Number of protein chains: 2
Amino acid sequence: MSTLTRVPRGEARARLIDAARSLIRQRGFAATSVDDLCAAAGVTKGAFFHHFASKEALGVALVEDWTVMTGAMFAAHPYNTLPDPLDRVFGYIDLRRELLGQPLLDFSCVAGTTVQETYESSPPIREAAERSIRSGFAHVQPHLEAALAAHPVPGVTAESLAQQFQIATQGGIILAKALNDAAPARAAFDHLERYLRLLFGRA
Amino acid sequence: MSTLTRVPRGEARARLIDAARSLIRQRGFAATSVDDLCAAAGVTKGAFFHHFASKEALGVALVEDWTVMTGAMFAAHPYNTLPDPLDRVFGYIDLRRELLGQPLLDFSCVAGTTVQETYESSPPIREAAERSIRSGFAHVQPHLEAALAAHPVPGVTAESLAQQFQIATQGGIILAKALNDAAPARAAFDHLERYLRLLFGRA
DNA sequence: GATTACATACCAACTGGTCGGTATTTTTAT
DNA sequence: ATAAAAATACCGACCAGTTGGTATGTAATC
């Protein structure tokens, strides 16, 4: 992490956010110091506090960047183009299971990690995480709405079902961290798929 | 949090763990300092490092205490005495939904909170959290096993279903923290119940 | 000639942890 | 039964390193 080669002018902010995404995913927000971030990004503290008013502001920026990143990634995926809405939902589930094949650091969620620590101590970060999680609903909710329009299920709303995808995602990450194994997280989406097939009569 | 009245001899350790449970649930492990803990417990640093070799050791002790506490709480609950195994499962779900009516600080999970931050940085805490989560499986898994013995469901194991309860619990807590609302967490158990009713043909 | 984008040196407050001491309880020897 | 000894439970001052943040200076860009 030495700064032998100077970081090109204009890249400091992006590199700090990249470093934050990586370090905070590993250690959490509080355990990651500003010095750590600067060293990992290859910039100095001057650069840090030029771009971010505080460590908290970096946290907000990180979560907002995460929302944009993940939003773009899901929006660009082919599952969105399937003709049948329920197939789009199952396509999303497939994608999530694929992601769970990667290393933990690559599928863990920045919003979930940060909000766990900061939901009480930092309202701005909590609010950014709320926006991020809500934007996650949007990756399936429209497809669920279309599927429910074609095949209504009494007592079940698209919003509530969309939330279950985030519950499975976030809960799966915690189980994966605790058990050091992503299998239970993958199983969560197996169960979710089976549940949906039962609800929609799609054996 | 002043120490005007001296803490009776012999209570320091228990009070430190109580303080840790409360503070770490609010702020997380890294953001809670040893000084904070001592102040909240009404003891000095001498007491802290007499009972715990390090802050990490306190973390391990806290999670282990949590495992015992929650284990005793669930074991003592009447849902365990219902004659039908599936009714015991639904009784457990009812209990979980009840807990979600309390303030967030009372239903958030110590193991989930700490492992989120420390799964990479502290193997001992991660292992304690793993034991805690696994002990959580045991609160439903025997009932699920009995239910599956009476009514087998192809492709579904009691272990995998039991894990889903922890996924719903942990994921629900994160959603509750992010959205500042426990409703999605409660909905997770509604969906889980509906899923089980469909699996076991219990409308 | 501003403004932006950094670098460097610096700071007070706090961090986890140590250490010598003391009051209280428990164990042991008589 | 009791005094001495040993162990336990705690206190509180202290320490070196780290924390988030600031103040000042400088090179590049607009």
Side-chain angles (χ1 to χ4, degrees), chain A residues 1-20 23-24 26-63 65 114 117-118 120-125, chain B residues 1-20 23-24 26-63 65 114 117-118 120-125:
Chain A
M1 309 285 178
S2 69
T3 324
L4 295 179
T5 55
R6 199 125 151 187
V7 169
R9 187 185 171 94
E11 288 189 11
R13 196 193 131 98
R15 294 189 58 146
L16 278 166
I17 290 200
D18 286 349
L23 289 185
I24 290 174
Q26 284 178 55
R27 322 172 183 172
F29 181 76
T32 303
S33 74
V34 174
D35 280 335
D36 289 341
L37 291 168
C38 293
V43 302
T44 63
K45 261 198 177 155
F48 187 101
F49 286 100
H50 172 70
H51 289 288
F52 307 105
S54 64
K55 190 190 171 188
E56 184 183 46
L58 177 272
V60 172
L62 167 66
V63 174
D65 177 82
T114 53
E117 295 179 64
T118 60
E120 275 236 347
S121 53
S122 170
I125 296 184
Chain B
M1 306 283 181
S2 70
T3 324
L4 294 178
T5 55
R6 197 123 154 189
V7 169
R9 187 187 171 94
E11 289 189 10
R13 195 193 130 98
R15 294 190 56 146
L16 278 166
I17 290 201
D18 286 349
L23 289 186
I24 289 174
Q26 285 179 54
R27 321 173 185 173
F29 181 75
T32 304
S33 74
V34 173
D35 280 334
D36 289 341
L37 291 168
C38 293
V43 303
T44 62
K45 265 208 176 134
F48 187 100
F49 286 100
H50 172 71
H51 289 287
F52 307 104
S54 63
K55 191 190 169 187
E56 183 183 47
L58 177 272
V60 172
L62 167 66
V63 174
D65 177 81
T114 54
E117 293 179 66
T118 60
E120 275 238 347
S121 54
S122 170
I125 296 184

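In the text below, chain A, chain B and the rest are named by the order of the sequence lines, each starting its count at 1. Note that this is a predicted model, so its numbers are computed, not measured.
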> Between A/D36 and A/A53, which is nearer to the 5' end of DNA chain D once each is assigned its nearest nucleotide?
Replying inline: A/D36

> Between atom CG in B/L16 and atom P in D/dA9, what is the gap in whole Å?
Replying inline: 13 Å

>> By nearest atom, which of the nucleotides C/dA5, C/dT18, D/dC11 is closest to the B/F49 side chain?
In response: C/dT18

>> Does a side-chain N or O of B/K55 approach OP1 or OP2 of C/dG16 to a distance below 4.0 Å, or not?
In response: yes

> So, A/E117 side chain and B/E117 main chain: donor-acceptor pair closer than 3.5 Å or not?
Replying inline: no

> What are the two closest heavy atoms between A/V7 and A/A12, and how far apart are they?
Replying inline: CG1-N, 4.4 Å

>> Need one value for B/E11: base, sugar-phosphate or nothing, where a base atom within 4.0 Å counts as base even if backbone is also close, heavy atoms only.
In response: sugar-phosphate

> Below 4.5 Å, heavy atoms only, C-beta onward: do A/I17 and A/F52 meet side chain to side chain?
Replying inline: yes

> Quick one, which residues of residues 28-35 of chain A touch DNA chain D with a heavy atom under 4.0 Å?
Replying inline: A/T32, A/S33, A/V34, A/D35

> Minimum heavy-atom separation for A/S54 to A/F48, with atom names?
Replying inline: O-CE2, 4.0 Å

> How close or far is atom C1' of C/dT18 from atom NE2 of B/H51, stated in whole angstroms?
Replying inline: 17 Å

>> Side chain of B/R9, heavy atoms from C-beta onward: which of C/dA5, D/dG20, D/dT8 has the nearest atom to it?
In response: D/dT8

> If every non-hydrogen atom of B/E56 is compared with every non-hydrogen atom of B/S122, which pair is closest and at what distance?
Replying inline: OE2-OG, 2.5 Å

> Out of curiosity, B/L37 CG to B/D18 CG, how far, rounded to the nearest 0.5 Å?
Replying inline: 11.5 Å

>> Distance check needed: C/dT15 C1' versus B/L23 CG, whole Å only.
In response: 16 Å

> Between atom CZ in A/F48 and atom P in C/dT8, what is the gap in whole Å?
Replying inline: 18 Å

> C/dT4 phosphate, OP1 or OP2: any side-chain N/O from A/H50 under 4.0 angstrom?
Replying inline: no

> Tell me: CZ of B/R15 to P of D/dA9, nearest whole Å?
Replying inline: 17 Å

> Rounded to the nearest Å, what distance is computed from the NZ atom of residue A/K45 to the C1' atom of nucleotide C/dC10?
Replying inline: 10 Å

>> Are A/F29 and A/L62 packed together at the side-chain level, in the sense that at least one heavy-atom pair is separated by less than 4.5 angstrom?
In response: no

> Which whole-number value in Å describes the distance from B/F52 CZ to C/dG16 P?
Replying inline: 14 Å

